[in-house]
Amino acid sequence: MLVFNVGICQLGVVADKQSNICKARSMIAEAADQGSRLVVLPEMFNCPYQSELFSQYAEIYPEGPTIAMLAECAEKHKVIVVGGSIPERDEVGNIYNTCFIFNEQGKLIGRHRKVHLFDVDIKGGTVFQESKTLVAGSSMTLVDTSLGKIGVAICYDVRFPELARTMVLQGAEILVYPGAFGPVTGPAHWELLMRARAVDNQVYVIGAAPALNAAAEYKSYGHSIIVDPWARVLALANEVETVITSKIDFRTLNRVREELPLLRHRKPEVYRV
Ligand SMILES: NC(=O)CC(=O)C(=O)O
């Protein structure tokens, strides 16, 4: 499909898992009512973004109320749902930061486990150790959909341009990043990174963040964003709970790649380490 709308549900995550699920359900419906064919949720949308809580909120596919809600909403509204992320427990007890992706029939078409874990110690700023409780994923996630090929990665994954480039070289036309940047790296890097991945790779980029919850221990920067292949910002939220939407037009992507043929001008033989 050449032209269609996409929506982001920037929901405010609270401690009560059931409330988060209900909120996601109603915001997916709102995005679909506004004409979105692809709906994206934020990172850890069913759980406060705190390492020590991930186990308590985790679900095992295909069980679990969050996973069921995503599949039901996709089928009910006939939309593709990129289900942000939730803590996922596997059969041996490992926990991942995982995005489940469902098509318009409510069928699981992809699962991305965050590859780069957010282990940082920014002096006077953010200290986070995802690896205390999470295990890293080990593969790239590209899904074929009725709208085109979509690459999915999570939050800190956006800082690794190799991942985005590899997905685009394999045909991705939209890169989707559920994320949750904080008050330090958010203002400094969030929009910059989303626009950088778009301009580098001449793709649409969607970054979906939770709204700011002032009472939460980890404070999300919000600012969900949709960027076009010329790095123009098509839609940008502030920090409050909201649904934002925008049109995606693959004729723009084709024109940008035709006029400025970066992907054809690459010289991979020069870049080998
Ligand atoms: N939360 C993350 O995974 C990443 C982040 O906040 C950052 O890179 O900054």
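No hydrogens, no waters, no symmetry mates; every other heavy atom, side chains included, goes into these values. Count residues from 1 along the sequence. Whatever order the structure lists ligands and atoms in, that order sets their numbers, starting from 1.
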Margin query: Counting only heavy atoms from other residues, nucleotides and ligands, does the tally under 6.0 Å from CD of Glu52 exceed 12?
Written below: yes

Next item on the list: Hey, can you tell me if Phe4 and Phe250 have their rings parallel, tilted or perpendicular (30° and 60° cut-offs)?
Entry: perpendicular

Next item on the list: Could you pull out every protein residue that has a heavy atom closer than 4.0 Å to ligand 1, ordered by chain and then number?
Entry: Glu43, Tyr49, Lys114, Phe118, Cys155, Tyr156, Arg159, Ala180, Phe181, Thr185, Tyr218

Checklist line | Pair Arg159 + Asp157, salt bridge at N-O below 4.0 Å | finding: no

Check: Are the aromatic rings of Phe181 and Tyr221 close, with centres under 6.0 Å apart?
Finding: no

Next item on the list: Could you check if a side-chain atom of Thr66 sits within less than 4.5 angstrom of a side-chain atom of Tyr57, using non-hydrogen atoms only?
Entry: no

Margin query: Between Thr141 and Arg113, is there a side-chain donor-acceptor contact under 3.5 Å, judged purely by atom types and distance?
Written below: no

